[in-house]
There are 2 protein chains.
Amino acid sequence: MLNSGLGVKDIVDNPKSIFYLLNQEEKDELQHHISLAHYRRNEFIFKEGDKPTGFLLLVDGKVKIFKEGVGGREQIVRMAKPLGVIGYRALFSDEIHNSSAVTLEESLVCTVSPEFIYTRALKNSDFSFKIIRKLSKELGFSNSRTVTLTQKHIRGRLAESLLLLKEKYGFEHDGTTLKVYISREDIANLSNMTTSNAIRTLSTFANEKMIAIDGRKIKILDANRLERVSKLG
Amino acid sequence: MLNSGLGVKDIVDNPKSIFYLLNQEEKDELQHHISLAHYRRNEFIFKEGDKPTGFLLLVDGKVKIFKEGVGGREQIVRMAKPLGVIGYRALFSDEIHNSSAVTLEESLVCTVSPEFIYTRALKNSDFSFKIIRKLSKELGFSNSRTVTLTQKHIRGRLAESLLLLKEKYGFEHDGTTLKVYISREDIANLSNMTTSNAIRTLSTFANEKMIAIDGRKIKILDANRLERVSKLG
DNA sequence: CACTTTGTATGTTTTAAAGCATCAAAGTTA
DNA sequence: TAACTTTGATGCTTTAAAACATACAAAGTG
């Protein structure tokens, strides 16, 4: 169960939050333009084709952002973690969402009204610049993914995805188990391969002692070797 | 030969230029922070790994922006046309370039100093917002490309690339010939396929009367059918 | 509780696209 | 203009990954 005691204060006072850099006056006003929503596991936050309702900040939980491709096959373009921003690309480009967001686990999302973002936040050049920086990094990531997903072989793509999950969500207290509960299908959709091939290749990695699998629990046993497999393609 | 008479005036006074929306004072100051460079065909403007030297605007010519992938295989991530902005992603994310830019033809590029961009342009919220919008659109494009390049079959990918070239550069006076002189290898690198397959599939499209080829001149004979081939994957 | 659905695991077959080889045409340089 | 290099065109072979087929376990559902 989530800590439902989380409130707006905790969001604006956390240095990792994008709203942290607003000045006090702006923060005060933000209170009137913000709302919190709770989602269970596997719920849509927004769907491809929806009109953006605001600027979304994932307060707690984990979310996958994906696009539907040929024959409904989905490609995960990004994973979000707490205090990550979601759905802002469509808002800023004034388009409908071209990707969907679904929770991987119980999550808390706060929505900030477009009015506040446009008339207040974006007038603050620190905020604007932070957004520019975020978009630039994400664009760099997306371009890199395009290349690796098209050019690397299955093993390389899967290794890269596992390392990506490690970077994004880190480990449990044991220091080896990935701190994310994700289906084989989602691993496949993250790595541009079929579910069968994700399962098969995970098994191979486990046989080779690079990882250990116990249901959905994945332990990274040899990150260096995964790096090498990822680099080799 | 390029019209070398092009100057800073022509850049700031063109409504399609991002600098058009600066106020007069900012425009005046811009003059002292701008320089023009001329490139011949197939010259590098910047290379993957280079440190960004400034904010670049393609004044005239055509440029491909690409990343090196597995085994040196290149993937074109974007094509630029006059008054398009290049190399700004790396500048704003404060990273080294993660892609290279090479001219497809004789080109003119203007460089604006990072100081002017940071201390002046980005303080103008109209400019910042234009950049945010540009990045957002490009990110949407990149995410879409990831999906189509990984999921569509060869015919779909090539059809999409031809339509992309059409959208970007348009037609010659005859209304059918693509206004870009591009090698089969570049078409392949744009479409995530080998040069052989690009050549082969172009021939097939020509046999099917969707296009006509005469050396590097490509005529789009049936754009609707190309759209259909592109959509079907 | 049985019953259906969903997720995981593997083996087998098929296929799209890469890889390779060869040749012709067009450009470039000596 | 001859020699060389690059680019374009096509056929043939190989291969990586999809597609398909079961089987079985786990998790929901009536």
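Naming convention: chains lettered A, B, ... in sequence-line order (proteins, then strands); numbering from 1 in each chain. What you see below is based on every heavy atom in this structure, not just the backbone, and it leaves out hydrogens, waters and symmetry mates.
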Discussion item. Heavy atoms only, 4.0 Å cut-off, all strands: where does A:Ile154 land among base, sugar-phosphate and nothing?
Written reply: sugar-phosphate
Discussion item. For B:Asp186 versus B:Ile182, what's the shortest heavy-atom pair and its separation?
Written reply: CB-CG1, 3.4 Å
Practice prompt. Indicate whether OP1 or OP2 belonging to D:dA18 is found under 4.0 Å from a side-chain N or O atom of A:Thr194.
Written response: yes
Response to the item:
To the nearest angstrom, the CD1-P distance between B:Ile187 and D:dT7 comes to 13 Å
Discussion item. How many whole angstroms separate atom CG of B:Asn189 from atom P of D:dG8?
Written reply: 12 Å
Item to complete: Could you tell me the separation between the CZ atom of A:Arg184 and the P atom of C:dG7, rounded to a whole number of Å?
Response: 12 Å
Response to the item:
note: A:Leu202, atom CG; C:dT10, atom P; distance rounded to Å ~ 11 Å
Item to complete: For D:dG8, take OP1 and OP2 only and decide whether either is under 4.0 Å from a side-chain N or O of B:Ser196.
Response: no
Worksheet item: Reckon A:Arg155 has a side-chain N or O less than 4.0 Å from the OP1 or OP2 of D:dA16?
Response: no
Worksheet item: Thinking salt bridges, do A:Lys64 and A:Glu74 make one under a 4.0 Å N-O criterion?
Response: yes
Worksheet item: At under 4.0 Å, does any side-chain N or O of B:Arg200 touch on OP1 or OP2 of D:dA9?
Response: no
Worksheet entry | Separation of A:Leu108 CG from A:Leu58 CG (nearest 0.5 Å) | 8.5 Å
Fill in: Nucleotide nearest B:His153 (side chain, heavy atoms from C-beta), chosen from C:dA17, D:dG28, D:dT10
C:dA17
Item to complete: With the side chain of B:Arg216 defined as its heavy atoms from C-beta on, choose the nearest nucleotide among C:dG7, D:dT10, D:dT7.
Response: D:dT7
Practice prompt. Starting at atom CD1 of A:Ile182, determine the distance to atom P of C:dG7, rounded to an integer number of angstrom.
Written response: 13 Å
Practice prompt. Would you kindly give the CZ-to-C1' distance between B:Arg73 and C:dA18, to the nearest whole Å?
Written response: 9 Å
Worksheet item: Which whole-number value in Å describes the distance from B:Gln151 CD to D:dA19 C1'?
Response: 15 Å
Worksheet item: In terms of side-chain heavy atoms of A:Met193, which of C:dA18, D:dA18, D:dA9 is nearest?
Response: D:dA18
Worksheet item: Does the side chain of B:Lys67 come within less than 4.5 Å of A:Ser144's, by heavy atoms?
Response: yes
Worksheet item: Given atom CD of A:Gln75 and atom C1' of D:dA18, what is their separation to the nearest angstrom?
Response: 15 Å
Worksheet item: 5'-most contact on DNA chain C: B:Tyr181 or B:Asn197, nearest heavy atom basis?
Response: B:Asn197
Fill in: Closest approach of B:Ala80 to B:Tyr169 (non-hydrogen atoms, all atoms of both residues)
O-OH, 2.8 Å
